[in-house]
Amino acid sequence: MLPMTELAAFPTAAPALDQPYDPATVEPRWYDFWEQNGVFAASDSPDDTRPVYVVPMPPPNVTGSLHMGHALFTALQDSLVRWHRMRGYNTLWQPGTDHAGIATQLVVERQLAQQGLSRRAMGRSAFVERVWQWRRETGDRIHLQQRTLGASPDWSRSRFTMDAPMNRAVVEAFVRLFEQGLMYRATRLINWCPECATTLSDLEVENEEGANGELFEFAYPVEGGGEIVVATTRPETMLGDTAVAVHPEDPRYVAFHGKRVRHPFVDRTFPIITDAILVDPKFGTGAVKVTPAHDFNDFATGKRHGLEEINILNLDGTLNSNAGRFAGLDRKEARRAVKTALVERGLARASKPHVLTLPRCSRSGGIVEPMISTQWFLSMRSMADKALEAVHSGRTVILPTEWTKTYDHFLGSIQDWCVSRQLWWGHQIPAWHGPNGEIKVARERPQECGAESADSPWQQDPDVLDTWFSSALWPFSTLGWPDRTRALTKFYPASDLETGYDILFFWVARMMMFGLHFTGLVPFRRVLLHGMVVDETGEKMSKVKGNVMDPLDLVYGTSFAAMVEKTAPLSPPAEALAKFRKAYPSAAAMGAGFPAFGADAVRFTLVTYPPSNKRIALSPKRIEGNRHFLNKIWNATRLALELLGSGFTWPEQAETARHFYNRWIRSRFAAACESVHTGFDEFRIDEAALASYHFFWDELCSWYLEIVKPILRRTPLESPPSSHDLVRETRFTLAYVVEGSLRLMHPFMPFITEELWQRLPRPRSRRISLAFGPYPTRDDEGPARCADVDDWMDIFKDVVSAARAIRSEHGVDKKADVRLTLRSARPETLDFLSAHAESIRTLVKTQGLPILEGPGGRREAGTTMGVVPASGGPIEVLVALRGLVDRDGELARIEREVKKVDRELSSLDKKLAAPGFTERAPKEVVEEATTQRRALVEAKARLDTARKLAEEL
RNA sequence: GGGCGGGUAGCUCAGCGGUAGAGCACUGGCCUUACAAGCCGGCCGUCGCAGGUUCAAGCCCUGUCCCGCCCACCA
């Protein structure tokens with residue numbers, strides 16, 4: 001019986017099966033179907049007793065367009081989410097978008113600039129409205145792109161960090177933090193980006209290492225005679241100097257202790273101080289100019305010595321009136337002008353090349369200036385300690401575990417967070433400033449502040465909060481916090497938080513702190529971190545490098561020319577193309593462009609990289625390989641359908657297999673299920689995906705289908721009554737493993753598996769979509785595991801391969817009638833081979849059944865011999881080629897086999913002969929080595945026979 | 001200056017204590033009635049270097065050399 005939600009909405013225009021798999025016709029058929037049938041919907045009903053699985057999706061920037069990083073997390077999270085959903089979890093994958101303060105504001109400002117407008121000219125409210133309009137026009141485009149990839153979040157619950165309910169949560173959090181004394185206002189040295197005209201948190205400053213600069217030395221005249229030479233990388237800041245510091249024990253400067261120097265350009269004198277913390281006597285001249293208002297070290301020094309802090313910069317990075325005659329100059333100009341002036345005054349002393357680290361704004365790339373400013377800060381220590389404890393106690397587990405150290409280090413040394421930004425796009429700070437510097441913080445404009453108007457003495461704080469402030473609330477603000485909603489009760493804390501390691505500090509750590517602070521609970525049980533997608537040579541993707549790949553171009557296909565025109569608009573096309581080819585050697589070999597790989601192939605490829613790899617070097621060739629895999633699945637299912645025939649109906653009860661090949665494939669399917677579950681559990685989705693790949697291709701397709709084909713194709717007349725049970729069981733097993741494989745692989749490749757599954761006979765108990773599962777479980781499949789059957793099958797495969805190798809190496813025509821003889825001293829082996837003689841015949845393509853006999857039989861002219869060194873005793877594989885044998889080739893082949901056996905033998909001998917091995921190594925290991933050695937020795941003896949045989953040719 | 005990764009087949013990467021693996025590339029043969037996006041074969045490795053632990057080491061330890069990333073206020 002189907003639940004009411006499962007309204008059938010079957011897509012139309014099913015593509016014919018008997019043509020190559022075409023993702024373009026299959027993939028568009030299913031998304032609406034899933035959505036309409038409620039596949040993605042999570043239930044917050046208290047009556048729903050299913051276990052809950054929750055993953056908050058990292059909300060992409062509204063400005064964003066899908067890039068590889070998005071595609072990677074979409075593929076990984078969707079796999080996790082679908083896996084759980086199929087296992088019966090009430091699954092919430094919480095989607096949304098982020099307002100991305102600076103990023104979005106810059107984008108819209110750039111648009112305005114093109115129209116000759118500026119935000120200042122427009123005014124705040126008009127500008128904000130403009131951003132909203134833009135968001136309405138283009139926002140959530142990325143969600144459409146994620147749909148293309150088959151993502152299955154509960155879209156009905158999508159949130160935008162600037163929507164009213166989110167804003168309410170932000171205000172609530174801010175007010176509570178203020179009331180708790182954790183949110184405070186302070187005047188400090190902060191990071192200022194003159195280009196964005198806003199403060200930045202420490203995390204938003206990127207230190208660019210290895211910049212070439214100079215260490216400039218100049219002299220300050222000392223009052224009472226003499227001079228003291230200081231070294232600096234920033235000569236222009238001397239306009240804000242309020243001290244010169246030397247090391248107290250530096251003999252060169254003892255005479256200057258307590259003296260004052262005169263500033264050459266501004267009318268003031270300041271002291272020479274001694275400070276052992278700031279000054280390293282070995283660096284530069286051993287004398288340091290101190291600029292408390294523009295350098296973090298100097299600021300601290302100034303505090304220690306009670307120095308004056310002179311701010312010399314305007315907010316736009318030009319010099320202010322404190323700079324005297326240099327006022328108005330831009331930072332760069334000022335540096336030149338100050339140096340020139342110092343030269344003119346005869347005070348310049350030296351200039352040396354110097355490699356330094358430049359602090360840059362992560363958004364604009366502009367050089368960040370330390371400035372003294374009054375801002376809102378959030379006290380971090382206590383929250384950080386709780387967040388550290390939560391991970392140490394294991395309430396939240398970080399995977400891969402190596403990242404725990406990084407997390408610890410960050411939170412252990414965290415500084416207070418400057419949360420106010422001088423932007424217009426964002427959550428405005430819920431604080432009101434009064435005429436006499438009073439500050440009121442409240443959820444709404446306080447009554448005592450009077451009505452809101454331009455000339456009111458009480459004005460709301462114009463600043464907005466760091467974007468990451470609202471992101472930090474995401475796991476619970478999306479569920480309705482601060483209200484105790486049903487969703488919050490049901491879906492908080494989340495199960496897994498899956499994201500790139502690059503936002504471990506920005507986002508994960510802050511969610512941990514806020515989650516614990518506001519709810520008392522960890523926000524998620526596990527943190528799963530994946531690496532960065534880079535190009536095929538390991539370089540980070542960037543427009544400048546011209547190595548950006550758009551996931552959708554891989555899905556839909558594109559010419560490289562069109563692709564680079566879009567992804568590298570800054571370079572000339574030919575150059576961009578060359579860069580692209582260099583970044584993706586394997587793509588270069590594909591011709592003029594990408595074919596439509598389809599979402600499944602792209603997703604599958606992404607999840608087959610170990611997520612723990614710091615760099616995930618995406619190879620187009622690998623996507624191509626996976627598209628081939630999809631084609632394999634397509635064709636194999638078609639074959640299965642043909643073999644099952646239209647009359648097949650699923651039995652009421654699944655049965656265990658009794659016949660050898662069926663037992664084997666069930667055993668292998670169970671092993672694959674086990675690996676897939678383990679892979680998922682341990683966040684080794686690559687292993688999960690690859691296990692399903694190898695099962696399907698290397699076991700199901702390469703062996704099982706080939707074996708089963710002739711059995712199921714025999715007409716009733718051809719198949720003896722004794723085999724009726726075999727045929728019936730085989731048909732069922734085929735249906736079972738193919739249907740099971742599609743369920744197994746669905747989390748990785750939802751489209752093709754749904755398409756094929758819908759065409760396949762299946763048990764009545766199945767629901768309308770494959771996406772509802774059930775997923776093959778360890779418990780159900782596990783009992784099918786059988787090591788003994790697996791071992792026998794290995795022998796079977798080795799025998800077939802050995803015979804095939806002989807055929808192949810002698811260039812035997814496939815239609816040539818060759819006779820196969822298999823010899824073994826072991827009765828069980830002969831029995832086994834005899835039981836499967838028909839299959840061996842089919843797979844090796846001999847015309848008659850293999851002859852089975854004991855060793856030492858008559859040697860026929862024109863016969864070659866290979867040896868399978870099975871542990872139960874070697875099996876001789878003789879192929880009578882009837883004069884087709886090339887003597888030298890045969891000898892070479894045998895020689896190769898002998899060499900292989902010798903290699904193994906010598907390494908075994910070494911092992912066995914090693915002093916202490918037999919005494920110290922575990923008994924099983926010794927036993928195994930001994931058995932193997934015996935097998936190899938026997939095999940070698942047989943090979944000697946084979947050689948003699950060949951020599952007689 | 002600290003921390004974290006990584007150096008394994010031509011390329012991209014698995015493997016992390018018991019006889020070196022995958023995909024792609026290369027190569028020989030096959031249009032074999034599921035699939036040429038395929039099939040059947042083959043070739044390819046002193047597992048960065050040097051020591052050590054162990055009966056046994058890509059796998060553990062120490063040192064060392066490269067490469068990448070992160071954090072940090074050396075003027």
Side-chain angles (χ1 to χ4, degrees), chain A residues 17-18 20-21 189 207 215 230-234 245 278-280 283-285 287-291 295-300 354 356-357 359 370 400 402-403 405-406 409-410 413 501-502 504-505 531-532 534 536-538 540 585-586 589 595 608-610 612-615 617-619 621-622 624-643 686-687 690 693-694 701-702 705-706 709 713 801 804-809 811-815 845 896 903-908 910-912 914-922 924-926 928-929 932 936:
Chain A
L17 264 177
D18 62 342
Y21 176 59
L189 208 56
N207 292 310
L215 195 59
V230 295
T232 180
T233 54
R234 302 202 51 193
L278 178 71
V279 184
D280 170 6
F283 189 88
T285 61
V288 187
K289 57 188 278 305
V290 184
T291 323
D295 181 280
F296 285 93
N297 279 319
D298 293 3
F299 181 77
H354 181 67
L356 65 155
T357 305
E402 296 83 70
W403 286 106
K405 270 192 191 175
T406 310
H409 182 256
F410 172 69
S413 58
Y501 70 75
D502 55 330
L504 176 60
F505 303 155
M532 300 296 112
V534 296
E536 214 169 356
T537 66
K540 203 168 162 178
S586 85
T608 56
Y609 290 89
S612 55
N613 280 202
K614 278 194 144 179
R615 294 182 309 176
L618 189 65
S619 164
K621 204 68 191 167
R622 214 155 133 170
E624 189 182 52
N626 287 136
R627 186 182 57 143
H628 295 175
F629 178 46
L630 299 192
N631 192 49
K632 190 77 180 173
I633 297 171
W634 183 258
N635 284 298
T637 308
R638 164 154 60 109
L639 173 64
L641 281 167
E642 181 222 306
L643 294 176
D686 56 313
E687 290 188 344
L690 290 173
Y693 176 101
H694 285 122
C701 290
S702 295
L705 290 180
E706 292 303 329
K709 211 161 32 175
R713 272 189 183 148
S801 292
R804 280 170 169 174
I806 291 169
R807 279 195 76 126
S808 177
E809 290 188 26
V812 180
D813 185 276
K814 68 175 166 50
K815 291 190 183 90
K845 298 197 163 59
R896 218 169 44 230
R903 210 167 39 228
E904 289 180 24
L905 206 52
S906 77
S907 91
L908 261 179
K910 216 174 84 193
K911 189 181 194 173
L912 282 160
F917 175 73
T918 39
E919 298 88 64
R920 301 266 202 110
E924 314 85 74
V925 176
V926 178
E928 202 195 324
Q932 265 179 22
L936 286 171

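These numbers come from a predicted model, not from an experiment. So that the names make sense, note that chain A is the first sequence line, chain B the second, and so on, each numbered from 1.
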Where do N or O atoms of nucleotides 35-38 of chain B meet protein N or O atoms at under 3.5 Å, pair by pair?
residue	atom	partner	partner atom	Å
B/C35	O4'	A/Asn635	OD1	3.3
B/C35	O4'	A/Asn635	ND2	3.4
B/C35	O2'	A/Asn631	ND2	3.0
B/C35	O2'	A/Asn635	ND2	3.4
B/C35	O2	A/Lys632	NZ	3.0
B/C35	N3	A/Lys632	NZ	2.7
B/A37	O4'	A/His628	NE2	2.9
B/A37	O2'	A/Asn631	ND2	3.0
B/A37	N1	A/Tyr21	O	3.0
B/G38	OP1	A/His628	ND1	3.0
B/G38	O3'	A/Lys632	NZ	3.1

Handout entry: Syn/anti state for B/G58 [syn: chi within 90° of 0]
Key =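 Chi for B/G58 falls in the syn range.
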Practice task
Indicate, yes or no, whether a donor-acceptor pair under 3.5 Å links the base of B/G28 to the side chain of A/Ser808.
Solution key: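 Result: at least one qualifying N/O pair found.
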Practice task
With sequence neighbours left out, write down each residue that passes side-chain hydrogen bond (donor to acceptor under 3.5 Å, both in side chains) with A/Lys632, or none if nothing qualifies.
Solution key: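 Here no residue qualifies.
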Please measure how far the [atom1] atom in [N] lies from the corresponding atom in [M], and state the result in whole Å.
| N | M | atom1 | result |
| --- | --- | --- | --- |
| B/C24 | B/C44 | C1' | 14 Å |
| B/G18 | B/U33 | C1' | 47 Å |
| B/U46 | B/G58 | P | 14 Å |
| B/G68 | B/G51 | P | 28 Å |
| B/G15 | B/C47 | C1' | 10 Å |
| B/C61 | B/C16 | C1' | 14 Å |

Return the pairing partner of [N] with a 3.5 Å limit on both distances, Watson-Crick or G-U wobble; otherwise return none.
| N | answer |
| --- | --- |
| B/C39 | B/G29 |
| B/G51 | B/C61 |
| B/A34 | none |
| B/G5 | B/C67 |
| B/A22 | B/U12 |

Exercise for the section: Compare the minimum distances between each of B/C24, B/G18, B/A75 and the side chain of A/Leu356, then state the nucleotide with the smallest one. Expected result: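 It is B/A75.
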Handout entry: A/Lys621 side-chain proximity, nearest of B/G18, B/C24, B/U19
Key =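 The nucleotide sitting nearest to the side chain is B/C24.
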Practice task
Give a yes or no answer on whether the side chain of A/Arg622 reaches the backbone of A/Thr608 with a donor-acceptor pair at less than 3.5 Å.
Solution key: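 Yes, the answer is positive, given that a donor and an acceptor are paired below the 3.5 Å cut-off.
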Handout entry: Side-chain (A/Arg638) to main-chain (A/Leu17) donor-acceptor, under 3.5 angstrom
Key =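 Looks like yes, one N/O pair under 3.5 Å.
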Practice task
Decide, yes or no, whether a salt bridge links A/Glu642 with A/Arg713 under the criterion of side-chain N to carboxylate O below 4.0 Å.
Solution key: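 Salt bridge present between A/Glu642 and A/Arg713.
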Handout entry: Nearest-angstrom distance from the residue atom CG of A/Leu908 to C1' of B/G18
Key =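 My rounded result for the distance is 10 Å.
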Practice task
Check ring pair (Phe, Tyr, Trp, His ring centres under 6.0 Å) between A/Tyr501 and all other residues, then give those that pass, not counting sequence neighbours.
Solution key: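 Result, ring pair (Phe, Tyr, Trp, His ring centres under 6.0 Å) vs A/Tyr501: A/Trp403.
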Practice task
Identify, with sequence neighbours excluded, every residue that meets side-chain contact (heavy atoms from CB on, under 4.5 Å) alongside A/Asp295.
Solution key: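 Result, side-chain contact (heavy atoms from CB on, under 4.5 Å) vs A/Asp295: A/Asn297, A/Asp298.
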Handout entry: side-chain contact (heavy atoms from CB on, under 4.5 Å) involving A/Leu189 - partner list, sequence neighbours excluded
Key =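 If we apply the side-chain contact (heavy atoms from CB on, under 4.5 Å) test to A/Leu189, skipping adjacent residues, the hits are A/Phe296, A/Phe299, A/Pro370, A/Ile372.
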Problem - Aromatic ring pairing A/Phe505/A/Phe410, orientation class (parallel under 30°, perpendicular over 60°, tilted between) - result: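 The arrangement is parallel - the two ring planes meet at less than 30°.
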Could you list, one pair per line, each protein nitrogen or oxygen that sits under 3.5 Å from a nitrogen or oxygen of nucleotides 2-11 of chain B, together with the distance?
residue	atom	partner	partner atom	Å
B/C4	OP1	A/Lys405	NZ	2.7
B/C4	O2	A/Lys614	NZ	3.2

